[in-house]
Asks: 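My questions all concern the structure below.
Proteins come first, then strands; the chains are lettered A, B, ... in the order of their sequence lines, and each starts at number 1.
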Amino acid sequence: MALKSLIEEAAFRAFSEAGLPRETPTGLKWSARPEFGDLQINGVMGAAKQLKQNPRELAEKVLQNLPIGEGLIAKAEVAGPGFINLHLDSQAISEDCQKLLSDPRLGVEQPTKQQRVVVDYSSPNLAKEMHVGHLRGTILGDAVCRALEFKGHKVVRQNHIGDWGTQFGMLIAELQATQTQEQISAGIALSDLEVFYRQAKEHFDADPEFADLARNNVVKLQAGDGECLALWQHFIDESLNHAEDNYHKLGVSLTREDVRGESAYNADLEPLVSELIERGIAVEDQGAQVVYLEELADKEGNPSVAIVQKADGGYLYATSDLAAIRYRVNELQADRCLYFIDARQSLHMKQVYAVARKAGWAPESVQLEHCSYGTIMGEDGKPFKTRSGDTVKLADLLNEAVERANEIVAEKNPSLSQQDRDTISLAVGIGAVKYADLSKARTTDYRFDWESMLSFDGNTAPYLQYAGTRIHSLFEKAGEELASFEANIGVEQTAERALALSLMRFAESLDQLAESAMPHDLCSYLFDLAGKFATFYEACPILKSEVDATTRASRLALAALTSKTLECGFEILGIQSLKRM
RNA sequence: GCAUCCGUAGCUCAGCUGGAUAGAGCACCUGGCUUCGAACCAGGUGGUCGGGGGUUCGAAUCCCUCCGGAUGCGCCA
């Protein structure tokens, strides 16, 4: 068990022995400042208030019941209005790190209850090419999937692609109008989806006959017309190939097996709405079928309205989202459903969840969480666009990232071979883009800035990657094998202690991420760890001749554990670590 | 009009289930390489936490209100 958990238990016992009620929160936290010890118990003051007792006296009483000097807590004191500051036993810290070094899970415990977590992310619209707008959801969702899997949960990825709707009638008509069968099967027309879409749209706007064909295609598609479906399928496949190029470059773990698009729910929509109507949940209003949601009423008491079927009989994305919830709960047996979707759709998500609850399709035992995220802004503080005002293609963005990284790597390390430089640039460029996104608080907008994300200073991927390479280089020089290195760890110096304490907190950080679905928590942790290592590396010589063998081995062990922790964190974030750069 | 989110150092952002003197990075200033990768490190300058009320022993954090910004709001997705 983690050191902090052991102390938490000890604190609970001490609280109880001091006469405090069960379940009183101990308020145990890592200390904000070094002079407050390693950990601090903040819960006494709140408890004293409830019991109308003197907080300092109560703190003294708790202190008396803490196991001090028994190998865990070296010393403790009451401070300020009733804080209890704890200083950990250095031997205990050393032993804890020792255990972590040989633990492939780095202290991360299996969940008390394993969950099946369905994660909806990326979900591009296949009518067009992926653009910057798809970046956040794709990266964030993927990192959270990896984190949950590492924790020990069962993750089911769902790529809810936009593969259905009126625009596909138009795109199919364009295929029919401009391409021979041979060209279609060769995939020539779709080498640039953006161009093809624009061409189809222009055609649609300019030519009424073509527009009729397009609309007719929509009808034929819905009726299951063989030729139309074949062309549609061809288009979807091609477009998915484009998306997968991006996934591959980004190192995103989504595969074809995770694809379950809107079209997969077509057959469910009619019975779904019928059921809502029969059960009186949906009612007719101005020809449409709607659900009134009192639970989302404004302060005047006006209920929120969700439309599940249009007046013309057509369905909306809310309808297929409902069908998807049913599928996820019933077929996928979800305990928890995460949706990585733009913050602007938060009302929509609330409505869909509310209807699903109301209909009993998602019982209260199933968690439904909209993991919303903000917009990526340009330097001007407005949504990120190209100079000419177009949306930025994801593929272009990634290429630029790698090119920029290449220039920087070439400048910083001219001795690299062309091949090494390319490999490193890819890791650094893509890593920088991903990390810039992952390290920001998920819910807010952020400013896209090449310079700061590719900087080797500050909370960036290159800085962390660099920290990793220093350790590999250290081991190379030492002539030791990093992966299998074992030695007795003895924490003495301030910098060693600070590093060791940071190393002990990885599991906690991962748990937090698995709970909050906010990868920036883990990023902050890794940045802190890398900083602690840099300080340690500066202050504590390792391979110098004046260092004795025991100290050298201990410090190498700390370095090895740092490397493993950083790389494990990177793996979870989906960022490549490097041995040199 | 209603709803959601946001306003923290010159800039970009953390911190928000209330805890001690509000933190990073950038920028700026001062130091540190014939010594493990200086792509680094140590230190410094810099903040009425949008304004005002309230709850509390204690508020950036919770409540109310005002100002300012973004986004969304029944038949697109």
Asks: Only one of A:Tyr315, A:Trp232, A:Phe235 passes ring-ring contact (aromatic ring centres under 6.0 Å, His included) with A:Trp164; say which it is.
Replies: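 When ring-ring contact (aromatic ring centres under 6.0 Å, His included) is applied between A:Trp164 and each of A:Tyr315, A:Trp232, A:Phe235, only A:Trp232 qualifies.
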Asks: Are A:Lys29 and B:G19 close enough that a side-chain N or O sits under 4.0 Å from OP1 or OP2?
Replies: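 True: A:Lys29 side-chain N/O within range (under 4.0 Å) of B:G19 OP1/OP2.
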Asks: What is the base-pairing partner of B:C11, counting Watson-Crick and G-U wobble geometry with both distances under 3.5 Å?
Replies: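 Base partner found: B:G25.
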Asks: Considering residues at least two apart in sequence or located in another chain, which fulfil the salt bridge (Lys or Arg N to Asp or Glu O under 4.0 Å) criterion with A:Glu262?
Replies: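 A:Glu262: no salt bridge (Lys or Arg N to Asp or Glu O under 4.0 Å) contacts found.
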Asks: Side-chain donor-acceptor pairs under 3.5 Å in residues 290-297 of chain A, sequence neighbours left out?
Replies:
| from | atom 1 | to | atom 2 | distance (Å) |
| --- | --- | --- | --- | --- |
| A:Tyr292 | OH | A:Asp285 | OD2 | 3.0 |

Asks: Name all pairs fulfilling the ring-ring contact (aromatic ring centres under 6.0 Å, His included) condition that reach into residues 432-462 of chain A, sequence neighbours left out, sorted by first residue then second.
Replies: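 ring-ring contact (aromatic ring centres under 6.0 Å, His included) check on residues 432-462 of chain A returns A:Phe384-A:Phe448, A:Phe448-A:Trp450.
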Asks: Name every donor-acceptor pair, under 3.5 Å, that has one atom in a side chain of residues 508-523 of chain A and the other anywhere in the protein, sequence neighbours excluded.
Replies:
| from | atom 1 | to | atom 2 | distance (Å) |
| --- | --- | --- | --- | --- |
| A:Glu508 | OE1 | A:Trp30 | NE1 | 3.0 |
| A:Glu508 | OE2 | A:Lys4 | NZ | 3.3 |
| A:Glu508 | OE2 | A:Trp30 | NE1 | 3.2 |
| A:Asp511 | OD1 | A:Lys151 | NZ | 3.0 |
| A:Ser516 | OG | A:Gln512 | O | 2.9 |
| A:Ser516 | OG | A:Met518 | N | 3.2 |
| A:Ser516 | OG | A:Asp521 | OD2 | 3.2 |

Asks: Scan nucleotides 53-59 of chain B against the protein and return all N/O pairs shorter than 3.5 Å with their distances rounded to 0.1 Å.
Replies:
| from | atom 1 | to | atom 2 | distance (Å) |
| --- | --- | --- | --- | --- |
| B:U56 | O2' | A:Lys49 | NZ | 3.3 |
| B:G58 | O6 | A:Lys49 | NZ | 3.2 |

Asks: Mind checking who B:U35 pairs with, Watson-Crick or G-U wobble, both distances under 3.5 Å?
Replies: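 B:U35 is unpaired by these criteria.
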Asks: Taking the same atom, C1', in B:C28 and in B:U45, what whole-Å distance lies between them?
Replies: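 It works out to 8 Å between them.
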Asks: Who does B:C49 pair with, Watson-Crick or G-U, both distances under 3.5 Å?
Replies: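 Its partner is none (no Watson-Crick or G-U wobble pair with both distances under 3.5 Å).
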Asks: Between the protein and nucleotides 23-32 of chain B, are there any N/O to N/O pairs under 3.5 Å, and if so, what are the atom names and distances?
Replies:
| from | atom 1 | to | atom 2 | distance (Å) |
| --- | --- | --- | --- | --- |
| B:G23 | OP1 | A:Arg33 | NH1 | 3.1 |

Asks: What salt bridge (Lys or Arg N to Asp or Glu O under 4.0 Å) pairs are there with at least one residue in residues 35-52 of chain A, not counting sequence neighbours?
Replies: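 Residue pairs passing salt bridge (Lys or Arg N to Asp or Glu O under 4.0 Å), neighbours aside: A:Arg33-A:Glu35, A:Asp38-A:Arg497.
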Asks: Measuring only the P atom in each nucleotide, how far is B:U4 from B:G47? A whole number of Å is fine.
Replies: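 Looking at atom P only, B:U4 and B:G47 are 35 Å apart.
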Asks: Compare the ring of A:Phe83 with the six-membered ring in the base of B:A20 and state whether they stack (centres under 5.5 Å, planes under 30°).
Replies: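 Yes; centroid distance and tilt both under limits.
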Asks: Identify the nucleotide, in any strand shown, that forms a Watson-Crick or G-U wobble pair with B:A42, with both distances under 3.5 Å; if there is none, say none.
Replies: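 Per the H-bond distance test, B:U30.
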Asks: Grab the N/O contacts between the protein and nucleotides 64-69 of chain B below 3.5 Å, and write none if there aren't any.
Replies:
none

Asks: Mind listing the residues from residues 121-137 of chain A sitting with a heavy atom below 4.0 Å of RNA chain B? Number order is fine.
Replies: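 The answer is none.
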Asks: For nucleotides 12-17 of chain B, print each protein N/O atom paired with a nucleotide N/O atom at under 3.5 Å, atom names and distance only.
Replies:
| from | atom 1 | to | atom 2 | distance (Å) |
| --- | --- | --- | --- | --- |
| B:U12 | OP1 | A:Arg447 | NH2 | 3.4 |
| B:C13 | OP1 | A:Arg447 | N | 3.0 |
| B:A14 | OP1 | A:Ala441 | N | 3.2 |
| B:A14 | OP1 | A:Thr444 | OG1 | 3.2 |
| B:G15 | OP1 | A:His520 | NE2 | 3.0 |

Asks: Is there any ring-ring contact (aromatic ring centres under 6.0 Å, His included) pair reaching into residues 526-554 of chain A, and which pairs are they, with sequence neighbours excluded?
Replies: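 Only A:Tyr463-A:Phe527, A:Phe533-A:Phe536, A:Phe533-A:Tyr537 qualify under ring-ring contact (aromatic ring centres under 6.0 Å, His included).
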Asks: Using the P atom on both, measure B:A24 against B:C63 and round to a whole Å.
Replies: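 So the two P atoms sit 28 Å from each other.
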Asks: If you measure only the distance, is there a donor-acceptor pair under 3.5 Å linking the side chains of A:Gln40 and A:Asn42?
Replies: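 Looking only at side-chain atoms, A:Asn42 and A:Gln40 do form a donor-acceptor pair, the distance falling under 3.5 Å.
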Asks: Going by atom types alone, do A:Glu270 and A:Ser274 pair a side-chain donor with an acceptor below 3.5 Å?
Replies: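 Looking only at side-chain atoms, A:Ser274 and A:Glu270 do form a donor-acceptor pair, the distance falling under 3.5 Å.
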Asks: Applying a 3.5 Å limit to both distances, which nucleotide forms a Watson-Crick or G-U wobble pair with B:C5?
Replies: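 Here B:C5 is engaged in a pair, and the nucleotide opposite it is B:G69.
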Asks: Please produce a list of atom pairs where a protein N or O lies less than 3.5 Å from an N or O of nucleotides 42-46 of chain B.
Replies:
| from | atom 1 | to | atom 2 | distance (Å) |
| --- | --- | --- | --- | --- |
| B:A42 | OP1 | A:Thr535 | OG1 | 2.9 |

Asks: Go nucleotide by nucleotide along RNA chain B from the 5' end; which of A:Leu543 and A:Asp312 gets its closest nucleotide reached first?
Replies: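 The residue closer to the strand's 5' end, by nearest nucleotide, is A:Leu543.
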Asks: Give a yes or no on whether the backbone of A:Phe36 and the side-chain of A:Ser31 come within a donor-acceptor separation of less than 3.5 Å.
Replies: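 Judged by distance alone, yes, a pair lies under 3.5 Å.
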Asks: Would you say A:Lys382 reaches B:A70's phosphate, i.e. side-chain N/O to OP1/OP2 under 4.0 Å?
Replies: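 No, no such contact exists.
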Asks: With syn defined as a glycosidic torsion within 90 degrees of 0 and anti otherwise, which applies to B:G44?
Replies: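 Anti, angle beyond 90° from zero.
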Asks: Tell which nucleotide pairs with B:G74, taking only Watson-Crick or G-U wobble pairs whose two distances are both under 3.5 angstrom.
Replies: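 WC or wobble partner does not exist here.
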Asks: Could A:Asp449 and A:Arg447 be called an ion pair, given the rule that one side-chain N must be under 4.0 Å from one carboxylate O?
Replies: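 Between A:Arg447 and A:Asp449 there is no salt bridge, as every charged N stays at least 4.0 Å from the carboxylate O atoms.
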Asks: I'd like the C1' distance from B:G15 over to B:G72, given in whole Å.
Replies: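 The answer is 28 Å between these two C1' atoms.
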